[in-house]
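One structure is given below, encoded as structure tokens.
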Amino acid sequence: MADEFTTTVYRDEDADSTYIEDKTVAVLGYGSQGHAHALNLNDSGVDVIVGLREDSSSWPEAESEGLRVETPDVAAAEADIVQMLVPDTIQPAVYEAIADGLEAGDTLQFAHGFNIHYGQIRPPEDVDVTMVAPKSPGHLVRRTYQRGEGVPGLIAVYQDATGDAKEQSLAYAEAIGCTRAGVIETTFQEEVETDLFGEQAVLCGGVTELMKMGYETLVDAGYSPEMAYFECMNEMKLIVDLIYEDGLMGMWNSVSDTAEYGGITRGEYVVDDEYAREGMEQVLEEVQNGEFAREWITENQTNRPSYKQLRAAEEGHEIEDVGGRLRELFAWEEQREEVPADD
Ligand SMILES: NC(=O)C1=CN([C@@H]2O[C@H](COP(=O)(O)OP(=O)(O)OC[C@H]3O[C@@H](n4cnc5c(N)ncnc54)[C@H](OP(=O)(O)O)[C@@H]3O)[C@@H](O)[C@H]2O)C=CC1
Ligand SMILES: CC(=O)[C@](C)(O)C(=O)O
Ligand SMILES: [Mg+2]
Ligand SMILES: [Mg+2]
């Protein structure tokens, strides 16, 4: 049994909106996180300026939502809080473009600590450097806020020049809906290392390899692609929703005893304690020693040759064609917000 928690879970009542109500927030970027933060902040009554490139296709979209849009340098110069929601590997260049607009007592804020932790951005000592990181894809940050709910989030303070960094971070977290669910405080290092590990080994990398391999195993054994898609990809959300709500036993108690026994006895055939654990430890080591960060920075400095090739292969996987055609034939239980494709 794990020890008693040492961390505090902050809820709405722990946030003091007076720390943000007179502030102007520049949300740089209007993508997955950016659109959600800007719209949620705006709906919460916070003064928001979106910072975008002049040729951004999101500029008219943000304006159509009633948001003010400026170029990042103009937005940051007017703002008290600059939330950096452009892609991680773009942030250093955007930071250079807005740095002169940061005044003593302003806040430079992130939703992921990559560039601070790996030393790609070094802010002046007279500004607060904080993080408010939803533990959720951006489109669900917005969707849950609109439903009157919120997604869990993290806050972290890297530099507290004003003495108000934590309180202001909590007020920001409340304004985007995270304290409706719960917010815990961490450090930039812990957020970066756990987030990179989690998205690589479990949430995005690991689970999609399981889905694709399960699909391929069934199809190669002669089962129909439709059956393989529904079994190995489509139902995953429904299973994981139960885990999200009530842990492993919430799911095991809902599935059949047959599934429970089969799952508990055969799960390790696939994700075993030797090779899978070794792989996970390798992922973590490359995050901790900076190898992944250096590889990703270099990949972007050389116009993303591997990323483009691997992304094309992912898009070309049969499960994407089969799944796309099947999803069009099936009703959706909830209004599906189209997630625009990455550039
Ligand atoms: N995606 C997620 O759910 C999560 C992301 N994060 C973090 O949030 C941050 C943002 O990621 P994410 O929301 O995925 O980013 P996206 O790729 O979804 O969006 C990027 C946005 O940045 C804009 N942009 C790109 N280049 C520039 C530039 N040079 N100047 C100004 N704007 C630019 C793009 O607009 P355009 O191209 O139209 O100019 C777009 O609006 C990252 O630090 C990420 O790690 C943290 C938690 C979850
Ligand atoms: C959505 C999220 O938390 C991720 C997977 O860490 C990310 O998008 O970087
Ligand atoms: Mg994450
Ligand atoms: Mg991440």
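A quick note: this is a predicted structure, and the numbers were derived from the prediction, not measured. Atoms within each ligand, like the ligands themselves, are counted from 1 in listed order.
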Under the 4.5 Å side-chain heavy-atom rule for ILVMFWY, direct or indirect, which residues accompany Leu218?
Tyr223
Starting from Met227 and following side-chain heavy-atom contacts under 4.5 Å between hydrophobic residues (I, L, V, M, F, W, Y), which residues can be reached?
none
Could you pull out, from Thr71, Asp55, Leu85, Val27, the option with a heavy atom nearest to atom 10 (C) of ligand 1?
Leu85
Pick whichever of Leu196, Ile90, Thr89, Val86 has a heavy atom sitting closest to atom 29 (N) of ligand 1.
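That would be Ile90.
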What is the minimum heavy-atom distance between Val132 and Ser169, and which atoms define it?
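Shortest heavy-atom separation between Val132 and Ser169 comes out as CG2-O, 3.6 Å.
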Give yes if a backbone or side-chain nitrogen or oxygen of [X] is under 3.5 Å from a nitrogen or oxygen of ligand 1, and no if not.
X      : value
Ala111 : no
Gly138 : yes
Arg53  : yes

Scan side-chain atoms only and decide if [X] and [Y] contain a donor-acceptor pair under the 3.5 Å cut-off.
X      : Y      : value
Gln168 : Thr130 : no
Glu318 : Tyr215 : yes
Asp16  : Thr18  : yes
Glu286 : Gln282 : yes

Just checking [X]: does its [atom1] atom have more than 12 heavy atoms from other residues, nucleotides or ligands closer to it than 6.0 angstrom?
X      : atom1 : value
Tyr10  : OH    : yes
Glu13  : CD    : yes
Glu315 : CD    : yes

I'd like to check which ligand 1 atoms, numbered from 1 as shown, lie under 4.0 Å from a non-hydrogen atom of [X].
X      : result
Ser32  : 1 (N), 2 (C), 3 (O), 13 (O), 14 (O), 18 (O)
Pro137 : 3 (O)
Gly31  : 18 (O), 19 (O), 21 (C), 40 (C), 41 (O)
Ser136 : 3 (O), 48 (C)
Val94  : 28 (C), 29 (N), 30 (N)
Pro87  : 17 (O), 20 (C), 22 (O), 25 (C)
Leu52  : 35 (O), 41 (O)
Asp88  : 42 (C), 43 (O), 44 (C), 45 (O)

Could you tell me if any non-hydrogen atom of [X] lies under 4.0 Å from any atom of ligand 1?
X     : result
Leu28 : no
Gln91 : yes
Ala93 : no

The protein N, O or S atoms lying under 2.8 Å from the Mg ion (ligand 4) are Asp195 OD2, Glu199 OE1
Any salt bridge linking [X] with [Y]? Criterion: basic side-chain nitrogen under 4.0 Å from a carboxylate oxygen.
X      : Y      : value
Arg147 : Glu149 : yes
Glu209 : Lys212 : yes
Lys135 : Asp195 : yes

Listing request: all salt bridge (Lys or Arg N to Asp or Glu O under 4.0 Å) pairs with a residue in residues 181-192, at least two apart in sequence or in separate chains.
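Output for this query lists Lys166-Glu185.
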